[in-house]
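Structure, as structure tokens:
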Amino acid sequence: MVLGVAKRELGDTFARVLQLLKVDRAMVVCGKEGLDEISPEGETWVWELANGEITEGVIHPTRDFGLPTHPLTSVRGATPQLNAQTFTALLQPNTPVPAHLSAPPDITSPCIDSIRDFVLLNAAALLKVSGRVKSYKEGVELARESLASGSAWRAFQGFIDAGAEAMKRNGGIVEPEDDGGVAAKGGAVEAWYHHEHQKKKTTDGKQ
């Protein structure tokens with residue numbers, strides 16, 4: 001999994017909680033602009049969990065993914081209806097660019113190319129964390145191929161069909177997802193959090 005946090009100081013905490021929950025592979029990310037995703041604009045702090053160990057580092061769109069940088073304004077969303085059009089244009093090959101994204105790109109306007117690169121960034125990270133690829137650049141190429149071939153759209157349609165089938169079998173009742181409580185019921189996370197809280201109180205008291 002790739003998990004985003006909006007504050008750098010939360011990164012290590014979330015990574016350590018995932019470690020305590022015995023998550024096999026994960027990445028916690030924080031864009032340096034205070035973004036809870038991988039930043040298209042510049043560097044992103046990362047805490048990667050693999051084989052029980054956490055490695056902290058910094059990634060960059062160009063250096064690590066081979067993609068150009070884009071201002072955050074060029075990937076911003078709009079109304080639900082316009083966002084749906086953007087989504088379709090990204091996942092369906094040969095779909096005309098929506099009118100709200102077809103103006104010449106500038107620093108204040110959303111742009112289909114910027115949004116596509118933003119999607120590729122985050123998809124590549126997921127592919128690397130899952131072990132499907134060995135590098136972010138390889139992940140970018142695999143994700144780009146999936147978009148261009150229509151594989152991503154077909155996977156999305158399969159997801160919709162599976163959800164509809166599950167609803168039908170369940171009589172239209174949606175079961176709540178586990179929010180982590182089941183995984184954490186052994187008490188390890190609560191004990192760790194209590195320990196960290198007490199340690200911080202002790203440290204603050206000495207200052």
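Throughout, residue positions are numbered sequentially from 1 according to the sequence presented. For the numbers below, each heavy atom of this structure counts, side chains included, while hydrogens, waters and symmetry mates do not. Only a predicted model underlies this, so the values are computations on that prediction, with no experimental measurement involved.
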Can a donor-acceptor pair be found, under 3.5 Å and without considering hydrogens, that links the side chain of [X] to the backbone of [Y]?
X	Y	answer
Q85	P98	no
R25	V129	yes
T88	A84	yes
N83	A78	yes
T62	L67	yes
S146	A152	yes
R76	T73	yes
S39	T44	no
E43	I59	no

For atom CD of E33, decide whether the heavy atoms of other residues, nucleotides or ligands shown that lie under 6.0 angstrom number more than 12.
yes

Would you say CG of N94 has more than 12 non-hydrogen atoms from neighbouring residues, nucleotides or ligands within 6.0 angstrom?
no

From [atom1] ([X]) to [atom2] ([Y]), nearest 0.5 Å:
X	Y	atom1	atom2	result
R144	S149	CZ	OG	13.0 Å
L120	L147	CG	CG	6.0 Å
L10	T13	CG	OG1	6.0 Å
E141	L127	CD	CG	11.5 Å
L126	L142	CG	CG	11.5 Å
L91	T86	CG	OG1	11.5 Å

Report the C-alpha separation of V28 and V5 in whole Å, then their side-chain angles, then the decisive distance to 0.1 Å, and conclude whether the side chain to side chain contact (heavy atoms under 4.5 Å, CB included) test is met.
CA-CA 7 Å; V28 179; V5 294; 4.0 Å; yes

Side chains of [X] and [Y]: does their closest heavy-atom pair fall under 4.5 Å?
X	Y	answer
L101	L82	no
P68	H70	yes
N122	E37	yes
R63	V58	yes

Please evaluate residues C30 and W47 with respect to the criterion side chain to side chain contact (heavy atoms under 4.5 Å, CB included), reporting the C-alpha separation (whole Å), side-chain torsions for both, the decisive distance (0.1 Å), and the verdict.
CA-CA 9 Å; C30 177; W47 295 261; 4.1 Å; yes

Between [X] and [Y], what is the shortest heavy-atom contact and its length?
X	Y	value
H60	G42	CD2-C, 3.8 Å
F65	A125	CE2-N, 4.3 Å
G31	W45	O-CZ3, 4.4 Å
P40	L72	CD-CD2, 3.6 Å
A15	L49	O-CD2, 4.4 Å

Does E48 pair with K128 as a salt bridge, N-O distance under 4.0 Å?
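Result for this pair is yes, salt bridge flagged.
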
What class does the angle between the rings of F156 and F87 fall in, given that below 30° is parallel, 30 to 60° is tilted and above 60° is perpendicular?
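Rings of F156 and F87: perpendicular, over 60°.
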
Which of K137, R132, E138 passes side chain to side chain contact (heavy atoms under 4.5 Å, CB included) with K134? Answer is E138

Identified side chain to side chain contact (heavy atoms under 4.5 Å, CB included) partner of L3 from the options V23, D36, L18
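Testing L3 for a side chain to side chain contact (heavy atoms under 4.5 Å, CB included) against V23, D36, L18 leaves exactly one candidate, L18.
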
When hydrophobic residues are tied together by side-chain contacts of less than 4.5 Å, even through go-betweens, does I112 share a cluster with L121?
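Shared cluster, yes.
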
